[in-house]
There are 2 protein chains.
Amino acid sequence: MELRQLRYFLKAKELLNFTEAAHSLYISQSTLSQQIKHLEDELGVPLFDRIGKRIVLTEAGRLFADYAMQSVHQADNGLQILQDLNNMDTGEIRIGLTYGLKPIFTPALIRFMTKYPKMKLQVVLGTSQELLERLTNFEFDFLLSFLISEKEKHFNYQLLFQSPMALVMAKKSPLSAKKKITMEEISELPLALPAKGYSTREFITEVFRERGLSPEISLEINDIPTLLDVVKTGNWYSILSQFSISKKDEVASVPIQGVNTQRRAMIISLKGSYEKKSVKAFYEFIKAASENLS
Amino acid sequence: MELRQLRYFLKAKELLNFTEAAHSLYISQSTLSQQIKHLEDELGVPLFDRIGKRIVLTEAGRLFADYAMQSVHQADNGLQILQDLNNMDTGEIRIGLTYGLKPIFTPALIRFMTKYPKMKLQVVLGTSQELLERLTNFEFDFLLSFLISEKEKHFNYQLLFQSPMALVMAKKSPLSAKKKITMEEISELPLALPAKGYSTREFITEVFRERGLSPEISLEINDIPTLLDVVKTGNWYSILSQFSISKKDEVASVPIQGVNTQRRAMIISLKGSYEKKSVKAFYEFIKAASENLS
DNA sequence: ATTTTAAATCGGTTTTATCGATCGATATAA
DNA sequence: TTATATCGATCGATAAAACCGATTTAAAAT
């Protein structure tokens, strides 16, 4: 068993297609096919079921995948820590970012890249749910998100700041003059909310559920700028964290009354994973940006 | 980077001698030398310092070793879990055993091997301290020992039974008629105790320390049967757990008064390591043996 | 029925790991 | 101080393996 074979297996498992996997690994399909076979021979059990020209993971494949992933990951970590030992000016940082935290991220990014121009960053925007999933698969060094549901024990959390939820509406809306608004009032309004998977949406659903309210959710949109465009028409209202609404969005916002509407912005990383110096440095840039904005 | 290279590296790190390491890996010295070099080239930093004809781990080597070990271990675990999936009648169990728990282990071993004759067992007797150290290096599936100091969070503990400490003496000793004895009385006697590293010794030291007693320890022996031979002369007394003294040892024992002299016999294993079916089965045999004896 | 698609297989090529022999350096013994 | 043994590095040759392209086989799709 070799790491090369484990890497091949994991890619094949990911794509469930030998031809594509081979292509993405820059090897031929025949090579991949052979190496998987060798691995299976050594393990004494098939990792894939060949159903016609389709492949699916076997029970054994599912079980084995976790160990293969860990093994490869530990080796990568070892490499990383040594490269880190030499200099922190090179290397790559992979970051998961939720829309809501873009305002904090962008200035941090710019300052960081100015200071360390040789670093390579890879930023993926997405919903908290999908980013957490990918973090678990070692696809990110960390991600920026509002806290979704409960903390999980295999993640590390660093609190950046808290921000209350606010009702968002067109500037011309009569409600924009109010100082505060309750969830009860909101539940009577036509709402356009972020789609499922967004931490904000999960949070809103939970708050409504706690209070036994069943609001009218007429629109679900998986893109925040579009959501704001909809709100600007004046026909719908939305709920976002106060923080993520900037002036140039040209909408009005009214804070929501209630202790439990505080959203906690977090840096989330994977416990047990080696944390590069460069990543730690980035944390400081993000924390500095958070303090400036609050 | 390949697992093969990591295995080579770990063996070289263990023996700190390329020639011996190569021999123990059934490869030539030149091959090992080359493969270590390739690995170092890829990592961009030497893992060993070559001081004359001696090699020592570099800082980088020390850091990298943990990751290499984890990587190899995870791959091995993956293989193990799949072999386990097929049948639990084959494979090897590696067990660390302290002298004090031999009486419980031996009958469990015999029954287990009778039921699963194809299994291969490897049993290492030693002190708790050295066995715990080796458990951390993945050298055992589990070990049997009385609990030493505090529980550590990277170990799993399963309590087997509790046994009080007892003063051990020759049958002819006048003290053998007593029903109980205090630590204060003991501290006046000439003592022969297990050497450092034995859980029992660590425990005794701690109990004396707590009570501010400074006993006369005239003999330290790292072999329990020898210790008992010494005790049989009548010139010395020893302290062992009540349980580990059997009738055929031909010594008398008197329970020690005091709540805190209870020793806890434990199965200790490494958290996060995959636990083979066969190992779980063995646990049951050990637990059954504990219940019978108590 | 025909075409397309995807994995397995085959033969040949390239790369890599491995070995034995040797070299150079160093520690040890005479 | 000199001779000897020991250890890691290096070199050239060989064996093993990974790899590729072409082809085959079988199952979907048309």
Side-chain angles (χ1 to χ4, degrees), chain A residues 1-62 64-65 68 71-72 75-76 79, chain B residues 1-62 64-65 68 71-72 75-76 79:
Chain A
M1 190 182 346
E2 294 299 337
L3 285 173
R4 181 173 27 79
Q5 295 172 313
L6 299 185
R7 290 183 216 270
Y8 290 177
F9 163 65
L10 289 173
K11 182 56 82 175
K13 183 216 154 196
E14 183 190 331
L15 300 178
L16 288 176
N17 180 318
F18 281 10
T19 308
E20 281 178 37
H23 191 254
S24 121
L25 290 163
Y26 303 104
I27 58 172
S28 71
Q29 174 265 319
S30 67
T31 299
L32 180 61
S33 200
Q34 281 177 60
Q35 289 301 312
I36 296 284
K37 187 155 189 35
H38 287 158
L39 184 57
E40 289 176 324
D41 286 348
E42 181 174 354
L43 298 174
V45 54
L47 296 169
F48 295 99
D49 271 330
R50 280 74 165 175
I51 306 173
K53 58 185 204 176
R54 178 157 285 162
I55 55 168
V56 284
L57 263 192
T58 60
E59 165 77 12
R62 260 192 304 282
F64 186 69
S71 179
V72 168
D76 288 347
L79 178 61
Chain B
M1 193 182 345
E2 294 299 336
L3 285 172
R4 180 172 28 78
Q5 295 172 315
L6 299 185
R7 289 184 219 271
Y8 291 176
F9 163 64
L10 289 173
K11 183 55 83 175
K13 182 217 155 195
E14 183 190 332
L15 300 177
L16 287 177
N17 179 320
F18 281 12
T19 308
E20 281 179 38
H23 190 253
S24 120
L25 289 163
Y26 304 103
I27 59 172
S28 70
Q29 175 264 319
S30 67
T31 299
L32 180 62
S33 202
Q34 280 178 63
Q35 289 301 311
I36 296 285
K37 187 153 190 35
H38 286 159
L39 184 57
E40 290 176 325
D41 286 349
E42 181 174 356
L43 297 174
V45 55
L47 296 168
F48 296 98
D49 271 330
R50 279 77 164 174
I51 306 172
K53 58 184 208 175
R54 178 161 285 158
I55 55 167
V56 285
L57 263 192
T58 59
E59 165 77 13
R62 262 192 302 283
F64 185 68
S71 178
V72 168
D76 288 346
L79 176 61

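Residue numbering restarts at 1 for every chain, and letters A, B, ... go by the order of the sequence lines. For the numbers below, each heavy atom of this structure counts, side chains included, while hydrogens, waters and symmetry mates do not.
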For this session: Select base, sugar-phosphate, or nothing to describe what B:Tyr8 touches, counting heavy atoms under 4.0 Å on all strands.
Result: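 Counting heavy atoms under 4.0 Å across all strands, the contact made by B:Tyr8 is with sugar-phosphate only.
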For this session: Select base, sugar-phosphate, or nothing to describe what B:Ser28 touches, counting heavy atoms under 4.0 Å on all strands.
Result: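 The residue B:Ser28 makes base contact.
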Would you tell me if any nitrogen or oxygen in the side chain of [X] comes within less than 4.0 Å of OP1 or OP2 on [N]?
X: B:Asn17; N: D:dG8; value: yes
X: A:Arg54; N: D:dA27; value: no
X: B:His38; N: C:dT16; value: no

What is the distance, to the nearest angstrom, from the [atom1] atom on [X] to the [atom2] atom on [N]?
X: A:Asp41; N: C:dT9; atom1: CG; atom2: P; value: 10 Å
X: A:Leu6; N: D:dA18; atom1: CG; atom2: P; value: 13 Å
X: B:Glu2; N: D:dA17; atom1: CD; atom2: C1'; value: 12 Å
X: A:Ile55; N: D:dT25; atom1: CD1; atom2: P; value: 22 Å
X: A:Tyr26; N: D:dC20; atom1: OH; atom2: C1'; value: 18 Å
X: A:Glu42; N: D:dA18; atom1: CD; atom2: P; value: 10 Å
X: B:Gln35; N: D:dA17; atom1: CD; atom2: P; value: 13 Å
X: A:Met1; N: D:dA18; atom1: CE; atom2: C1'; value: 18 Å

Seminar exercise, completed: On DNA chain C, more 5' by nearest nucleotide between B:Thr31 and A:Thr19 is A:Thr19
Exercise. Do the charged groups of A:Arg7 and A:Glu14 touch, with an N to O distance under 4.0 Å?
Worked result: no
For the side chain of [X], starting at C-beta, report the closest nucleotide among [options].
X: B:Gln29; options: C:dA6, D:dA9, C:dT18; result: D:dA9
X: A:Gln34; options: C:dA7, D:dC20, D:dA9; result: D:dC20
X: A:Arg4; options: C:dA7, D:dA18, D:dG8; result: D:dA18
X: A:Ser30; options: D:dC20, C:dT4, C:dT18; result: D:dC20

Exercise. Are the side chain of A:Gln5 and the backbone N or O of A:Glu2 linked by a donor-acceptor pair below 3.5 Å?
Worked result: yes
Exercise. Just by modelled atom types, is the B:Pro46 backbone N or O under 3.5 Å from a matching donor or acceptor in the B:Thr58 side chain?
Worked result: yes
Exercise. 5'-most contact on DNA chain D: A:Ile51 or A:Ile27, nearest heavy atom basis?
Worked result: A:Ile27
Seminar exercise, completed: Whichever of B:Leu16 and A:Gln5 has the more 5' nearest nucleotide on DNA chain D, that residue is B:Leu16
For this session: Report yes or no: do B:Thr31 and B:Ser28 form a side-chain donor-acceptor pair below 3.5 Å?
Result: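 Yes.
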Exercise. Are the aromatic rings of B:Phe18 and B:Tyr8 close, with centres under 6.0 Å apart?
Worked result: no
